[in-house]
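Down below is the structure, laid out as structure tokens.
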Amino acid sequence: DQTVCPAGSKCVNGLRVPCEVNYYQDETGKSTCTKCPVGYDCNAEGISDYSGYKCAQGSYCDETGKNPCPIGTYGATTGLSAVSQCTACDGSKFCSTTG
């Protein structure tokens, strides 16, 4: 009995394999998974919808993965995709830790 490969997985050589961390598959019947877009942290296996995995506040998620905003900056919102989107600390305040 054949079953169509479900979303969140890829099927290779007749075997169902969950998409690995940092990848997703939102369609059925596929043999590959797609890398999650920047701004998202697909930190689990078997993801079928990356939209619920926005990069956490205090971090940015680029093509290398999730990274904390550097010291002297902070991440004011979720879904940042580049270090340049981290906000510099106000002149009257300091940010002594990452994020």
Side-chain angles (χ1 to χ4, degrees):
D1 187 29
Q2 294 187 34
T3 303
V4 174
C5 197
S9 302
K10 60 184 175 182
C11 288
V12 181
N13 298 324
L15 299 174
R16 177 184 171 266
V17 180
C19 291
E20 55 270 22
V21 172
N22 294 322
Y23 287 81
Y24 76 99
Q25 181 48 263
D26 57 357
E27 298 180 48
T28 60
K30 298 297 179 178
S31 61
T32 61
C33 295
T34 303
K35 187 152 178 64
C36 282
V38 296
Y40 292 87
D41 180 23
C42 297
N43 58 6
E45 290 185 345
I47 293 175
S48 60
D49 181 6
Y50 66 83
S51 66
Y53 291 86
K54 270 192 169 182
C55 196
Q57 187 172 349
S59 300
Y60 64 96
C61 297
D62 62 10
E63 53 282 332
T64 67
K66 182 179 174 185
N67 304 284
C69 287
I71 292 174
T73 68
Y74 66 98
T77 62
T78 61
L80 300 183
S81 60
V83 68
S84 61
Q85 294 175 319
C86 296
T87 304
C89 291
D90 297 332
S92 62
K93 299 176 182 166
F94 70 97
C95 301
S96 61
T97 60
T98 59

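Source: prediction; values computed, not measured.
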Study note, to complete from the structure: What one should report as the nearest heavy-atom pair of T87 and A76 is OG1-CB, 4.2 Å
Review point. Shortest non-hydrogen contact from S48 to G8?
Key: CB-N, 3.7 Å
Check your understanding: What is the minimum heavy-atom distance between K10 and C5, and which atoms define it?
Key -> C-SG, 3.3 Å
Check your understanding: Among R16, E45, Q25, which one satisfies side chain to side chain donor-acceptor pair (under 3.5 Å) with S9?
Key -> R16
Review point. Any chance the SG atoms on C42 and C36 come in under 2.5 Å?
Key: yes
Exercise for review: Start with the C-alpha distance between N67 and D62, add both sets of side-chain angles, then the distance that settles side-chain contact (heavy atoms from CB on, under 4.5 Å), and finish with yes or no.
Suggested key: CA-CA 8 Å; N67 304 284; D62 62 10; 3.2 Å; yes
Exercise for review: Starting from Y24, walk the hydrophobic network (Ile, Leu, Val, Met, Phe, Trp, Tyr; side-chain heavy atoms closer than 4.5 Å) and list everyone else you reach, by chain and number.
Suggested key: Y40, I47, Y50, Y53
Review point. Ignoring hydrogens and geometry, is there a side-chain-to-backbone donor-acceptor pair from N22 to E20 under 3.5 Å?
Key: no
Review point. How many angstroms lie between atom NZ of K54 and atom OG of S59, to the nearest 0.5 angstrom?
Key: 14.0 Å
Study note, to complete from the structure: Heavy atoms of C86 and Y60 approach each other most closely as SG-CD2, 3.9 Å
**Study point:** Minimum heavy-atom distance between C55 and L80, given as atom pair plus value
**Key:** CB-O, 3.8 Å
Practice item. Grab the two heavy atoms, one from V38 and one from E63, that are nearest each other, plus how far apart they are. Key: CG1-N, 3.6 Å
